[in-house]
Amino acid sequence: VTASAAVDLALAPSLAAAMAVAALQPAYLLLLTRVDRLRGRNAWQFLLSAVATLAIWAGLLAAVPALRPAGAAEAALAAMGLAAGVLFYLNIWGLMSRGYTLGMLLTLHRAGRPLTATEIRHLYRGGEALEWIMRHRLGAMRAAGVIEGAADAPVLTSVRGVLVARLYLLCAACLGLARER
Amino acid sequence: MMPAGIEQGTLAFLLYVLSVALALRLLARHGASTVVVAAAPAAWLLALAALSVLRPPIHFWALSTTYGFLVLVFLTAFGAIHKSISLRLAAHLLGRPRRSASRAELERAVLDASYEERLSLIVRQGYVRRSEDGFSLTTKGERLAGAARRAQLAFGIVSSG
């Protein structure tokens, strides 16, 4: 539908289908969180829901020829529509499952009374304390080959670790985040 | 040649990046995350207005899809850079002799500093109030934490952090 000469509001069926399939990703995610073997494995749950989104979209295109993109530009737009949906939910999922600041608010919410800064640290993540973050992040960095050496004195690896740190500092400087924590 | 709608969306995204680069330097006290998120709809509306005058017709859905996709890629990367404890640990180690530090030093320099900054940010943003008894949630904070907890329970998320 073209509303006026200045704004073209025509929505291609292929893009509408991609957006509809992507919008329903929380429903696929909700089903996956009910699978016993995936319980507590938030990253896997999300990854599989993204794969399901892609598979359902592909299935829909195979079943309904009218929803197939007409040309490369429409295909690119439909893929961007689908990916935008997945990225939108990824950001929300990341915040809910790994949000550090949200974790602080939830600690206060669970306590139901005022807490000192030290108490928030100790009660963080249901009593695992803030040091959990250090253990978790150092473990992930070691697994990714960014650090090596003893657990109580980690060393940045000479190639991957240095590259990651330098890229981070460069990006932070470009974004004006150099002085932020 | 790039289709007109995709080109318009890309131009709108470039406007967003320029706005963010400027806003992060001028409005840092509001918190970088707030700035980059708030700039997204603002730059989109500004681009719609500007392009409807300068390069009509606007291909609304193609522009908005391209813009939304590029902005979400940017926000995902930005979130990873801005909030990442792991990257800050790596940067700290890079500046130390032999690229190494004790765990106690890392906790002090990265974790403690980040914790204090975030506590101060949620007070500034009105989610938490500070009193003689300590820190407690404001009504706004209670609303957000309650909604987040309900969503966590619905999706079987044990805890965040």
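Letters A, B, ... are given to chains in the order of the sequence lines, protein chains preceding strands, and every chain is numbered from 1.
- Ranked by heavy-atom pairs under 4.5 Å with chain A, the first of B/Gly79, B/Ser136, B/Ala145, B/Ser102 is B/Ala145.
- Side-chain contact between A/Arg137 and B/Arg88 is absent, with no heavy atoms from C-beta onward closer than 4.5 Å.
- Contact count against chain A (heavy-atom pairs under 4.5 Å) is highest for B/Ala90 among B/Gly68, B/Gly141, B/Ala91, B/Ala90.
- The residue among B/Ala62, B/Ala21, B/Ser52 with the most heavy atom pairs within less than 4.5 Å of chain A is B/Ala62.
- The candidate from B/Asp133, B/Leu48, B/Thr76 with the greatest count of non-hydrogen atom pairs under 4.5 Å with chain A is B/Thr76.
- Shown here is B/Arg124, whose CZ atom has more than 12 heavy atoms of other residues, nucleotides or ligands within 6.0 Å.
- The most heavy-atom pairs under 4.5 Å with chain B, out of A/Ala111, A/Gly40, A/Cys171, A/Pro114, come from A/Pro114.
- Between A/Met80 and B/Leu70 the shortest side-chain heavy-atom distance does not fall below 4.5 Å.
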For this session: With side chain to side chain contact (heavy atoms under 4.5 Å, CB included) as the test, would you mind laying out the steps for B/Phe135 and A/Ile120 before giving the verdict?
Result: CA-CA 9 Å; B/Phe135 296 92; A/Ile120 297 173; 4.0 Å; yes
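- If you take CG on A/Leu77 and NE2 on B/His59, they are separated by 11.0 Å, rounding to the nearest 0.5 Å.
- Of the two parts of A/Arg41, neither the backbone nor the side chain holds a non-hydrogen atom closer than 4.5 Å to a non-hydrogen atom of chain B.
- Using a 4.5 Å cut-off between heavy atoms, B/Val71 makes no contact with chain A at all.
- Contacts of B/Glu142 classified as side chain to side chain contact (heavy atoms under 4.5 Å, CB included), with partners at least two apart in sequence or in another chain: A/His109, B/Leu137.
- With a 4.5 Å cut-off on non-hydrogen atoms, B/Tyr67 does not touch chain A at all.
- Within residues 145-164 of chain A, the residues having any heavy atom closer than 4.5 Å to a heavy atom of chain B are A/Val146, A/Ile147, A/Ala151, A/Asp152, A/Ala153, A/Pro154, A/Val155, A/Leu156, A/Thr157, A/Ser158, A/Val162, A/Val164, listed by residue number.
- Placement of A/Leu87 and B/Trp44 within a single hydrophobic cluster is found when ILVMFWY residues are connected by side-chain heavy-atom separations under 4.5 Å, directly or transitively.
- The contact between A/Met141 and chain B is made entirely by side chain atoms (from C-beta outward), counting heavy-atom distances below 4.5 Å.
- No donor-acceptor pair under 3.5 Å is formed between the side chain of B/Trp61 and the backbone N or O of A/Ala12.
- A heavy-atom distance below 4.5 Å is not found between the side chains of A/Met134 and B/Ile85.
- If you measure heavy-atom distances from A/Leu90 to chain B, the contacts under 4.5 Å come from the side chain alone.
- Ranking A/Thr116, A/Leu82, A/Ile92, A/Thr33 against chain B, the residue ahead of the rest is A/Thr33, based on heavy-atom pairs under 4.5 Å.
- The backbone N or O of A/Met96 sits less than 3.5 Å from a side-chain atom of B/Gln152, completing a donor-acceptor pair.
- Hydrophobic clustering of Ile, Leu, Val, Met, Phe, Trp and Tyr side chains at less than 4.5 Å, counting indirect connections, keeps A/Leu47 apart from B/Val73.
- At a threshold of 4.5 Å between non-hydrogen side-chain atoms, the residues B/Phe155 and A/Arg34 do not count as touching.
- Placement of A/Leu11 and A/Leu60 in two distinct hydrophobic clusters is found when ILVMFWY residues are connected by side-chain heavy-atom separations under 4.5 Å, directly or transitively.
- A chain of hydrophobic side-chain contacts below 4.5 Å, direct or via other Ile, Leu, Val, Met, Phe, Trp or Tyr residues, connects A/Leu123 to B/Val123.
- How far CE of A/Met19 is from OG1 of B/Thr65: 5.0 Å, rounded to the nearest 0.5 Å.
- Of the inter-residue distances, the one linking B/Leu72 atom CG with A/Tyr89 atom OH reads 11.0 Å to the nearest 0.5 angstrom.
- Pairing each heavy atom of B/Phe69 with each of A/Ala83, the nearest pair is CE1-CB, 3.5 Å.
- Rounding to the nearest 0.5 Å gives a distance of 9.0 Å between CD1 of B/Ile81 and SG of A/Cys174.
- Considering CG of A/Leu167 and CG of B/Leu87, their distance stands at 9.5 Å, rounded to 0.5 Å.
- Proximity of A/Ile133 to B/Leu111: side-chain heavy atoms (C-beta onward) are separated by under 4.5 Å at one or more points.
- A/Phe46 is not connected to A/Leu38 by any chain of hydrophobic side-chain contacts under 4.5 Å among Ile, Leu, Val, Met, Phe, Trp and Tyr, and they are in different clusters.
- For A/Leu105, the parts lying near chain B are the backbone and the side chain together; criterion is any non-hydrogen pair under 4.5 Å.
- Of the two parts of A/Glu131, the backbone and the side chain both hold a non-hydrogen atom closer than 4.5 Å to a non-hydrogen atom of chain B.
- Judged by a 6.0 Å distance limit and a 45° cone about the ring axis, A/Arg121 is positioned over the six-membered ring of B/Tyr115.
- In this structure, B/Asp112 and A/Leu130 have side chains that are not in contact, with every pair of non-hydrogen atoms separated by 4.5 Å or more.
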For this session: Step by step, work out the side chain to side chain contact (heavy atoms under 4.5 Å, CB included) result for B/Ile157 and A/Trp93.
Result: CA-CA 10 Å; B/Ile157 297 172; A/Trp93 189 251; 3.6 Å; yes
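- Other residues, nucleotides and ligands contribute only 12 or fewer heavy atoms inside 6.0 Å of the CZ atom of A/Phe88.
- Side chains of A/Tyr100 and B/Ser114 form a contact here, defined as non-hydrogen atoms less than 4.5 Å apart.
- Counting heavy-atom neighbours within 6.0 Å of B/Arg55 CZ, excluding the residue itself, gives a total of 12 or less.
- In this structure, A/Leu169 CG and B/Leu94 CG are separated by 6.5 Å, a value rounded to the nearest 0.5 Å.
- With a 4.5 angstrom heavy-atom cutoff, B/Arg98 touches chain A only via backbone atoms.
- Taking all atoms of both residues into account, the shortest heavy-atom contact from A/Leu102 to B/Ala148 is CD1-CB, 3.7 Å.
- A 6.0 Å sphere centred on CZ of A/Arg166 holds no more than 12 heavy atoms belonging to other residues, nucleotides or ligands.
- For B/Leu121, no part lies near chain A; criterion is any non-hydrogen pair under 4.5 Å.
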